[in-house]
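Below: the structure, in structure tokens.
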Amino acid sequence: MKNILIIGSNGQIGTDLLTKLREKYSDKQVIASDIRSPKLPDPYFVHLDATDAKAVRKVIKEYQIDEVYLMAAILSANAEKMPMKSWDINMQVLFNILELGKEGLIKKIFWPSSIAVFGPHTPRVNTPQYTVMDPNTVYGISKLAGERWIEYYKEHYQVDVRSARYPGIISWKTLPGGGTTDYAVEIFHEAIKKGRYTSFLAENTRLPMMYMPDAIEATINIMAADKRNLSVHSAYNIAGISFTPAELAKAIQVYLPSFEIDYAPDFRQAIAESWPESIDDTMAFKDWHWQHKYNLDEMVKDMLEHLSEQYHKKLDLAKI
Ligand code: SER
């Protein structure tokens, strides 16, 4: 019997992670927490401001938490609008948990890193695990610093922290909040609601992405892996599917032939251009057998099916 705490359980990844972990364990073993209230009442939800060290400690003690999934963060585009505040939040929430790990109150921690740790001088195609890292966004700087700190806490205080560099995550249950890769989620909502979408990234901007079920699987697998096999002590590269807005639009048109896209790049274009196009994840494959399952077409089909149901729209999804 172990008890798990998800911090940021109402966020894009937190929502799906909560469902999956509660399937795997039981509702009462997986405590949900967030600064915002959940949409539906949940007896195992606790209101938590993750920047409040005392409040975090209290929840960990009260529910006798063994494992923490720390999913609360300010994403790339939002962080650029409030640099100092975002840096403070992203680092403070991490230190609050690392310190409890150092005290031995928590046994295992998952903290997500991101492709945002890379920067303009990083090789963009098939970006290796170990390479130049010169992030130029507040979010990327906080993730890279976080990676260095988790490695430090492992080495000096034997804290068991595991991490993967998520690419852009695509899902239908909950919208992402203020990232650069958000276009790849918004496009589906707009395709179904309006039949058209204006992309804030230019048509040929290729970025690494991943469908949510793969991201959840990676998260759960890295937490379940035998610690002795984990040779990367910072965060693992994990890859899914790389595509451009134009390629995604084309993949949507297979099912919605009348869907239209145009492009109005904004400040997020520069962020996207500083990130890799594709990721080399052979270390994750070697150490914990990571392999993504969804390709572009399978992801698009699944997204359209779920979202058309969510919007109660009967779509003539040509190929489905
Ligand atoms: N999806 C994130 C963002 O765009 C990257 O980790 O900020």
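All residue numbers in this chain count up from 1 along the given sequence. From a predicted model like this one, the values you see are computed outputs, not experimental measurements. All ligand and atom numbering here is 1-based and tracks the order in the structure.
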Problem set entry | Glu147 bridged to Arg165 by N-O distance under 4.0 Å | yes
Exercise. With a 4.0 Å cut-off, would you call Arg228 and Asp226 a salt bridge?
Worked result: yes
Exercise. Quick check: are there more than 12 heavy atoms from other residues, nucleotides or ligands sitting under 6.0 Å from NZ of Lys193?
Worked result: yes
Exercise. If you count the non-hydrogen atoms of other residues, nucleotides and ligands that lie under 6.0 Å from CD in Gln64, is the total more than 12?
Worked result: no
Side-chain donor-acceptor contacts of residues 86-94 below 3.5 Å, not counting sequence neighbours, with atom names and distances?
from, atom 1, to, atom 2, distance (Å)
Ser86, OG, Met82, O, 2.7
Asn90, OD1, Ile74, N, 2.8
Asn90, ND2, Ile74, O, 3.2
Asn90, ND2, Ser142, OG, 3.2
Gln92, NE2, Asn96, OD1, 2.9

Exercise. Any idea how Tyr157 and Tyr153 line up, ring-wise: parallel (<30°), tilted (30 to 60°), or perpendicular (>60°)?
Worked result: perpendicular
Problem set entry | Sorted by chain and number, the residues that approach ligand 1 to under 4.0 Å with a heavy atom | Leu75, Ser76, Ser114, Tyr139, Gly179, Thr180, Thr181, Trp275
